[in-house]
Protein chains: 2
Amino acid sequence: MNMTAITPDIFQAVADPNRRTLLDLLLDGPRPVQELGAHFDISLAAISQHLKVLLEAGLVSREARGKYRYYHAEPAALQQVHDWTEQYREFWEDRLDRLGGYLDQQANSDTETET
Amino acid sequence: MNMTAITPDIFQAVADPNRRTLLDLLLDGPRPVQELGAHFDISLAAISQHLKVLLEAGLVSREARGKYRYYHAEPAALQQVHDWTEQYREFWEDRLDRLGGYLDQQANSDTETET
DNA sequence: CATTCATTTAAGTTATTACTTAAATGTTTT
DNA sequence: AAAACATTTAAGTAATAACTTAAATGAATG
């Protein structure tokens with residue numbers, strides 16, 4: 001049940017919005033760096049650095065085709081994140097399922113929920 | 001459902017392993033800070049700071065009971081993370097479903113997959 | 001084979017993060 | 001009301017992150 005110890009880099013890797021966008025772009029298929037970079041306002045060196053983080057986390061792989069490096073999404077690596085959130089699923093579904101939302105009411109009256 | 005809500009990055013919040021452990025602990029039920037802190041080797045001030053990050057991300061709420069503050073897991077906030085990984089699910093399942101794992105083989109032969 | 005093109009690595013800067021200890025706040029107990 | 005307890009906030013530090021520009025590597029092309 002304790003998923004915290006496994007490959008901590010994946011959560012870290014996916015924490016950056018630019019890296020998530022990179023993964024999203026790669027869902028459409030393998031792309032070379034320059035093409036990925038065209039979607040961002042940062043240098044290609046920065047893109048390359050982000051891709052390195054994703055690579056080391058196992059979230060992408062790279063394939064050399066001539067002078068281009070095609071990056072491939074490796075979605076299987078995301079199962080770890082998925083599985084961790086999955087254990088919470090029954091809780092949020094449980095809560096939403098209760099007609100009349102008794103629990104929510106109680107939570108809202110008892111709870112500060114400050115920012 | 002409510003995507004307008006200010007969401008001080010949930011992905012960021014769950015990137016830290018101590019914060020994930022905090023959430024995991026809270027799955028068993030609301031807990032005051034000192035009790036959560038007992039599971040870690042860091043100061044209570046640090047725990048409190050982590051809880052603040054989780055609070056601002058909407059991942060926990062707090063309820064004042066006397067001199068204690070009970071923190072509650074707010075699992076619904078994790079749907080956002082879950083949903084994002086969900087779009088990758090069909091891809092990893094697709095891949096794993098292929099008997100003989102043709103694609104995996106090809107990926108392994110074509111691909112550098114360096115660290 | 002020298003140049004160009006694609007990408008990576010190096011080196012430096014700035015902002016943020018995860019912690020620490022000490023002081024501040026608020027609550028309960030005596 | 002003072003002392004004890006639970007938690008938060010403040011202030012400081014060291015490590016890391018996300019970027020930058022410039023130089024290095026490596027493949028393709030003229």
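Lettering of chains follows the sequences in order, A, B, ..., and the numbering in each one begins at 1. Every value quoted in this text rests on a predicted model; they were computed, and no experiment measured them.
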*asked:* Taking the minimum atom-to-atom distance to the side chain of Ala46(B), which one of dT7(D), dC19(D), dT20(C) wins?
replied: dT20(C)
*Lys67(A) NZ to dG30(D) C1': how many Å, rounded?*
12 Å
*Base, sugar-phosphate, or nothing for Arg65(B), non-hydrogen atoms under 4.0 angstrom?*
nothing
*asked:* Expressed as a whole number of angstroms, how long is the span from Tyr71(B):OH to dT8(D):C1'?
replied: 8 Å
*Which nucleotide, dT7(C), dT7(D), dT21(C), lies nearest any side-chain atom of Ser43(B)?*
dT21(C)
*Identify the heavy atoms of Leu78(B) and Thr85(A) that sit nearest to each other, and give their distance.*
O-CG2, 4.3 Å
*Any idea which of dT7(C), dC19(D), dT9(C) is nearest the Ala45(A) side chain?*
dT9(C)
*Between the base of dT7(D) and the side chain of Gln49(B), is there any donor-acceptor pair under 3.5 Å?*
no
*asked:* If the cut-off is 4.0 Å, is Arg19(B) near the phosphate of dA18(C), judged by side-chain N/O to OP1 or OP2?
replied: yes
*In whole angstroms, how far is the C1' atom of dA18(D) from the CG atom of Leu54(A)?*
14 Å
_Closest listed nucleotide, where the reference is the side chain of Gln34(A) and the choices are dC19(D), dT8(D), dA6(C)_ = dA6(C)
_Rounded distance in Å - CG (Asp16(A)) to C1' (dT17(C))_ = 14 Å
*Within 6.0 angstrom of Asp41(A) CG, more than 12 heavy atoms from elsewhere*: no
*Leu55(B) CG to dT7(D) P: how many Å, rounded?*
14 Å
*Quick one: does NZ or CZ of Arg62(A) land under 6.0 Å from the six-membered ring centre of Tyr71(A), within 45 degrees of the ring axis?*
no
*For Ile47(A) and dT21(D), what is the distance between atoms CD1 and C1' respectively, to the nearest whole Å?*
16 Å
*Mind listing the closest non-hydrogen atom pair of Arg31(B) and Glu35(B) along with its distance?*
CD-OE2, 3.0 Å
*With the side chain counted from C-beta on, respond yes when Asn18(B) and His50(B) share a heavy-atom pair under 4.5 Å apart, and no when they do not.*
yes
*asked:* Please report the distance, rounded to the nearest Å, between CD in Glu56(A) and P in dT8(C).
replied: 12 Å
*By nearest nucleotide on DNA chain D, pick out whichever of Ser48(B) and Gly66(A) is the more 5' one.*
Ser48(B)
*Roughly, in whole Å, what's the span from CG in Leu51(B) to P in dA18(C)?*
13 Å
*DNA chain D: Arg31(B) or Leu44(A), which has the more 5' nearest nucleotide?*
Arg31(B)
*In terms of side-chain heavy atoms of Arg62(B), which of dT8(D), dA18(C), dT9(C) is nearest?*
dT8(D)
_Any side-chain N or O of His50(A) below 4.0 angstrom from OP1/OP2 of dA17(D)?_
no
